[in-house]
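See below for the structure under consideration.
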Amino acid sequence: MAIATQARPSSLLRRALLADAVISGAAGALQLAATGPLSGMLAIEAGWLQRSGVILLVWTAFLGWVLTRKPVSSSLAWTVIGLNLAWVAASILVLVEGAIAPNPLGMGYVLAQAAVVAIFAELQFFGLRRQSRG
């Protein structure tokens with residue numbers, strides 16, 4: 001007698017979304033709580049840090065809502081991936097266009113954030129593929 005088992009959908013997408021929410025929330029809270037010291041240390045105007053900190057906290061709330069969906073729909077996952085890639089592009093654009101002129105540590109901060117977000121987008125993409133396969 002065979003025991004029927006139900007294939008468990010991949011948790012990679014859900015874990016990548018959760019990691020994105022945790023890291024984004026932490027970065028947003030840091031940027032809001034320590035705007036002054038960060039601004040001086042990174043040579044990024046306080047207003048930029050505050051605005052991006054608020055955006056990150058709103059993003060965190062959105063990801064929290066996405067994580068309440070069971071399962072996460074493909075359209076929501078694609079929205080998250082697309083917005084993450086837009087963040088990466090915007091991060092590079094503000095540096096290239098000179099919208100901000102950080103010192104080397106600030107440039108590293110912006111580029112590291114962009115790299116982490118790109119990794120989240122990639123993990124979310126592969127998680128979505130696994131989820132679609134069932």
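- In this structure, T68 has no side-chain hydrogen bond (donor to acceptor under 3.5 Å, both in side chains) partners at least two apart in sequence or on a different chain.
- Judged by distance alone, the side chain of Q131 and the main-chain N or O of V72 form a donor-acceptor pair under 3.5 Å.
- Looking at D20, its side chain never comes within 3.5 Å of a backbone N or O of V117 through a donor-acceptor pair.
- Nearest approach of V88 to A118, heavy atoms of both residues: CG2-N, 3.6 Å.
- For S74, there are no side-chain hydrogen bond (donor to acceptor under 3.5 Å, both in side chains) partners two or more places apart in sequence or in a different chain.
- The hydrophobic cluster containing L30 also contains M107, counting ILVMFWY residues as joined when their side-chain heavy atoms lie under 4.5 angstrom apart, directly or transitively.
- Residues passing the ring pair (Phe, Tyr, Trp, His ring centres under 6.0 Å) test with W65, sequence neighbours excluded: none.
- For the ring-ring contact (aromatic ring centres under 6.0 Å, His included) condition, no pair includes a residue of residues 83-124, sequence neighbours left out.
- When every heavy atom of S91 is checked against every heavy atom of V110, the shortest pair comes out as O-CG1, 3.7 Å.
- Put simply, V58 and I55 are part of two different groups of oily side chains (I, L, V, M, F, W, Y) that touch within less than 4.5 Å, one to the next.
- Across all their heavy atoms, G25 and T60 have their closest contact at N-OG1, 3.0 Å.
- Linking ILVMFWY residues whenever their side-chain heavy atoms come closer than 4.5 Å, directly or via other members, leaves L42 and L32 in distinct clusters.
- Annotation for A121 and I81: closest pair O-CG1, 4.0 Å, computed over non-hydrogen atoms.
- Going from atom CG of L111 over to atom CD of Q113 covers 10.0 Å, rounded to the nearest 0.5 Å.
- Annotation for L56 and S24: closest pair CB-O, 3.6 Å, computed over non-hydrogen atoms.
- Taking the side-chain contact (heavy atoms from CB on, under 4.5 Å) definition, one finds that A89 meets it with nothing, sequence neighbours left out.
- When all heavy atoms are compared, the tightest approach of I44 to S39 is O-OG, 2.7 Å.
- Under the side-chain contact (heavy atoms from CB on, under 4.5 Å) rule, L17 has a single partner from V22, L76, L67, L12, which is L67.
- In this view, S52 and Q31 satisfy the side-chain hydrogen bond (donor to acceptor under 3.5 Å, both in side chains) rule, not counting sequence neighbours.
- One finds the CG atom of L63 at 9.0 Å from the CG atom of L83 (value rounded to the nearest 0.5 Å).
- One finds the CG atom of L18 at 11.0 Å from the CG atom of L13 (value rounded to the nearest 0.5 Å).
- For residues 29-61, the pairs satisfying ring-ring contact (aromatic ring centres under 6.0 Å, His included) are W59-F62, with sequence neighbours left out.
- Remark: I100 CD1 to L49 CG distance equals 8.0 Å, nearest 0.5 Å.
- Rounded to the nearest 0.5 angstrom, L85 CG and E122 CD are separated by 10.0 Å.
- Linking ILVMFWY residues whenever their side-chain heavy atoms come closer than 4.5 Å, directly or via other members, places M41 and V94 in the same cluster.
- Atoms CD1 and CD, on I92 and E97 in that order, are 12.5 Å from each other to the nearest 0.5 Å.
- In terms of the side-chain contact (heavy atoms from CB on, under 4.5 Å) criterion, residue partners of I119 (sequence neighbours excluded) are, by chain and number, L123.
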